[in-house]
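Below you'll find the structure, written out as structure tokens, and then a few comments.
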Number of protein chains: 2
Amino acid sequence: MLVVWDMPKTRRSEHVTLKTIAEATGYSVTTVSRALAGYSDVAERTRKLIVETAEQLGYQPNITARQLRQKRTNTVGLILPTFSPRFSDPFFSELLAGIGNQAALSRYDLLISTQAPGPDELEAYRRIAGGQRVDGLLIVRAREQDPRIKYLQEIGLPFVVFGRSHLDQDYPYVDVNGELGLHVLTKHFIGLGHRRIGYISAPPDLTFAHLRLSGYRRALEESGIGYDERLVVIGDLTRRGGAQAAENLLALDPRPTAIIAANDLMALGVMEALRRKGLEPGKDVAVGGFDGVPESEFASPPLTTMRQPIYEIGQRICQMLIRLINGEHLAERHVLLQPELIVRQSSGQPIPI
Amino acid sequence: MLVVWDMPKTRRSEHVTLKTIAEATGYSVTTVSRALAGYSDVAERTRKLIVETAEQLGYQPNITARQLRQKRTNTVGLILPTFSPRFSDPFFSELLAGIGNQAALSRYDLLISTQAPGPDELEAYRRIAGGQRVDGLLIVRAREQDPRIKYLQEIGLPFVVFGRSHLDQDYPYVDVNGELGLHVLTKHFIGLGHRRIGYISAPPDLTFAHLRLSGYRRALEESGIGYDERLVVIGDLTRRGGAQAAENLLALDPRPTAIIAANDLMALGVMEALRRKGLEPGKDVAVGGFDGVPESEFASPPLTTMRQPIYEIGQRICQMLIRLINGEHLAERHVLLQPELIVRQSSGQPIPI
DNA sequence: CTTGACATCCGAAACGTTTTGGATTATACT
DNA sequence: AGTATAATCCAAAACGTTTCGGATGTCAAG
């Protein structure tokens, strides 16, 4: 009877290295290395022999050693700025998908770490970037005064930012025009007849918080409605945060007839809060979001939102980063995309004036 | 006037290493290394001096070098078996979130790569695992005869599988009881009065495809309805695939009164297909899924499904893997979880008999 | 004065690769 | 024959770290 689980006690018993092949073929380590790398200064005969022996022995280059020597890792890093221990935010998922696939296309690996913003946020960056584990880093969800940008600029590691920061330095970024986005979205609700439009903003250290808020404000002022700060509350970008913020807004008298959230996740939270109060989203109170995450489409009712091409942005920043790493020139160092209004049922019907 | 963008021409000009500190303090590289590592055989005075100088110079250990020497990377790997170039499947996102957060908790990094199943799938595994870039690997979406499991067992790298395979070997895994799951779900629809229940199965090389299918079959046979293979089609687990499969099922005469899909994404596709045909999901045709992805909750109508705790599974397999890497004993080497029936509106009302 | 114990330090090897700068031999050209 | 040229090969250094096996000096005990 065959005993099937005599687990290998020897972990990775004897790993085959260049030296193994050298000894097997009688050539030097140098020649083996150069043969496998395809240099022209090794005879065709020997190259063949070496390649065959390597294959036969199941040789796999030790990437760590190669990285150490070449000072190059073929890896891009991404440190998710996550507060709670979960990063299953659909926004990040989508972004991650774009980044990951683009990296794979360029035969780069992706190293992911998480680190909450805060005093020791830079620790993670120092460990990954300063430790030379990656050739470049992606920075997402840029903040007003972003220490990560400062740090990376200081140590001179290639990086690309999703979002913008209020710094004097120049750095490559991709961003979506949030000011315009919220202007368009707010106008949409105004056009439907709404006059009391609540807004759930984002934490003020995030750059996009200001931009989106001022788009909202401009739309109101241009329409002669005027900005009322009582209609603005701040949420933490989560679904739960959106629900809480909505409760505050709904406690106003008279209550807003429409609520816009700075991102879709909070808007979904708004819809939950409405339901809990016995109100029907899109009928009793109109709801709008920002992002265009997949969930927005399948919510009930489907959510009116400003779509930003998150997946494509992920691809793009990754591609830009890889170009930078390779020392190529970036045709566009600063990309500002336009979000697109997607009208769905959460907007509700025009209301009588 | 200050010119703000004199970009650093020197990439990572002169990196400070142990040697730098050694020269600065007058001690040897050995002592510096041991001082920073907190060994007891270095005097308190010198340790302090060295630590201070290191801090002042902004020393960051080169992780690659450390990895090479220690033969340990503190990294777990995950290779996503993705066909299309996108992995924004909510199932993977959720799983990834669980894995990533658990890894972060244990101060491990996560290396992600993508590779479509197929003849050169193992290439990616050889590169990552054979190249000693990670201390262990996670295998997700196990297949009947899974070459990945065979390979990793062969080279003796620690790994944990999500799902099961039909192999003789013993290996650590976490899985969800799909047979039971589909039995419960099918019974649920039968209980509502359905007699013609279509089933959209998964690609047959995936182990769970068989298990879920046989759960469906057993429920039908136990209820005296009998298994009709014309009611079973195979989908590719995507939304689009689900929609196509649904079209085939709806072309039957008489058409099924309920359709169950092997995963939520396809079930969402079924609902789309129904709508396109002018049928109302949950009313004209009942729909059921499997997974419990967030989208299922916000679909309209919300989707009846067998929930599996994807996020927690991600955490768990990651934790098991890290235990294995550290040579710890696994209390449970084989974990089989029970999925939970979540009844939502896509089930529809009981139908008259 | 010798011995042993202890505290503190360090040289050198090792991890597996790539690259530099020749060395050796054969071939072709004056 | 002598010399340039090309074709092959390789020893050694380098990447930055950790660790092995002492080395050195001090001090207390015998």
Side-chain angles (χ1 to χ4, degrees), chain A residues 11-51 54 57-74 126-135, chain B residues 11-51 54 57-74 126-135:
Chain A
R11 290 202 28 202
R12 218 107 37 93
S13 35
E14 16 48 53
H15 218 266
V16 23
T17 73
L18 288 182
K19 199 173 160 199
T20 322
I21 304 177
E23 280 160 3
T25 57
Y27 288 99
S28 76
V29 169
T30 303
T31 303
V32 173
S33 171
R34 298 182 71 84
L36 293 175
Y39 279 75
S40 66
D41 68 348
V42 22
E44 183 55 22
R45 265 180 51 91
T46 53
R47 198 192 60 79
K48 240 183 184 160
L49 171 65
I50 287 174
V51 167
L57 294 177
Y59 169 72
Q60 281 297 323
N62 181 314
I63 305 193
T64 309
R66 180 179 286 173
Q67 286 175 356
L68 176 59
R69 175 61 225 233
Q70 300 194 143
K71 290 172 153 285
R72 165 153 199 153
T73 63
N74 281 297
R126 271 192 269 269
R127 192 167 52 87
I128 305 270
Q132 298 168 97
R133 283 205 72 177
V134 297
D135 294 333
Chain B
R11 287 205 29 201
R12 217 106 40 90
S13 34
E14 16 49 52
H15 218 266
V16 23
T17 74
L18 287 182
K19 199 172 162 200
T20 322
I21 304 176
E23 279 160 5
T25 58
Y27 288 98
S28 75
V29 168
T30 302
T31 303
V32 172
S33 172
R34 298 182 71 84
L36 293 175
Y39 278 74
S40 66
D41 70 347
V42 23
E44 183 55 22
R45 266 180 53 90
T46 52
R47 197 193 58 80
K48 242 184 184 158
L49 171 66
I50 287 175
V51 167
L57 293 177
Y59 169 72
Q60 281 296 324
N62 181 314
I63 306 194
T64 310
R66 182 178 285 174
Q67 286 175 356
L68 176 59
R69 175 61 225 233
Q70 300 193 145
K71 293 173 152 283
R72 164 154 199 149
T73 63
N74 280 296
R126 271 191 268 270
R127 192 167 51 87
I128 305 269
Q132 288 150 280
R133 283 207 72 179
V134 298
D135 294 333

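Order of the sequence lines sets the chain letters (A, B, ...), proteins ahead of strands, with each chain counted from 1.
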Subject >> Distance-only donor-acceptor test (3.5 Å): side chain B/Ser28, base C/dG11 >> reply: no
**OP:** Select base, sugar-phosphate, or nothing to describe what A/Thr46 touches, counting heavy atoms under 4.0 Å on all strands.
**Re:** sugar-phosphate
Subject >> A/Arg34 CZ to D/dA7 P, straight-line distance once rounded to whole Å >> reply: 14 Å
Original post:
Whole-Å distance between C/dC15 P and B/Arg66 CZ?
Top reply: 19 Å
Original post:
D/dA14 P sits how many Å from A/Arg72 CZ, rounded?
Top reply: 23 Å
Subject >> Atom pair OH (B/Tyr27) and CD1 (B/Ile50), whose distance is rounded to the nearest 0.5 Å >> reply: 6.5 Å
**OP:** Rounded to the nearest angstrom, tell me the gap between atom NZ in B/Lys19 and atom P in C/dG11.
**Re:** 13 Å
**OP:** On DNA chain C, check which nucleotide each of A/Thr17 and B/Arg47 is closest to and give me the residue with the more 5' one.
**Re:** B/Arg47
Original post:
To the nearest 0.5 Å, what is the distance between OH (B/Tyr59) and CG (B/Leu18)?
Top reply: 3.5 Å
Original post:
About how many Å separate CZ of A/Arg34 and CG of A/Leu36, when rounded to the nearest 0.5 Å?
Top reply: 12.0 Å
**OP:** Kindly indicate whether the side chain of B/Thr30 and the base of C/dA12 share any N or O donor-acceptor pair separated by less than 3.5 Å?
**Re:** yes
Original post:
Given D/dT19, is OP1 or OP2 found less than 4.0 Å from the side-chain N or O atoms of B/Tyr39?
Top reply: yes
Subject >> Distance, rounded to the nearest Å, where A/Leu49 contributes CG and D/dT8 contributes P >> reply: 15 Å
Original post:
Are B/Thr73 and B/Gln132 close enough, and set up right, to give a side chain to side chain contact (heavy atoms under 4.5 Å, CB included), and what steps lead you there?
Top reply: CA-CA 8 Å; B/Thr73 63; B/Gln132 288 150 280; 5.9 Å; no
**OP:** Starting at atom CD of A/Gln67, determine the distance to atom C1' of D/dA14, rounded to an integer number of angstrom.
**Re:** 17 Å
Original post:
About how many Å separate CD of A/Gln67 and CG of B/Asn62, when rounded to the nearest 0.5 Å?
Top reply: 9.5 Å
Original post:
Roughly how many Å is it from CG in A/Asn62 to P in C/dC15, rounded to a whole number?
Top reply: 11 Å
Original post:
Touch check for B/Ser33, heavy atoms < 4.0 angstrom, all strands: base, sugar-phosphate only, or nothing?
Top reply: base
Subject >> Candidates D/dT8, C/dC10, D/dT18 - which lies nearest the side chain of B/Tyr27 >> reply: C/dC10
Subject >> Residue B/Thr31, side-chain heavy atoms: nucleotide from D/dC9, C/dT18, C/dC10 that is nearest >> reply: C/dC10
Original post:
Hey, is the side chain of B/Arg69 pairing donor to acceptor with the base of D/dT18 inside 3.5 Å?
Top reply: yes
Subject >> Whole-Å distance separating the NZ atom of B/Lys71 from the C1' atom of D/dT18 >> reply: 13 Å
**OP:** Could you pick out which residue, B/Ala65 or A/Ala37, lies toward the 5' side of DNA chain C when each is mapped onto its nearest nucleotide?
**Re:** B/Ala65
**OP:** State which of C/dT19, D/dG16, C/dT18 makes the closest approach to the side chain of B/Leu68.
**Re:** D/dG16
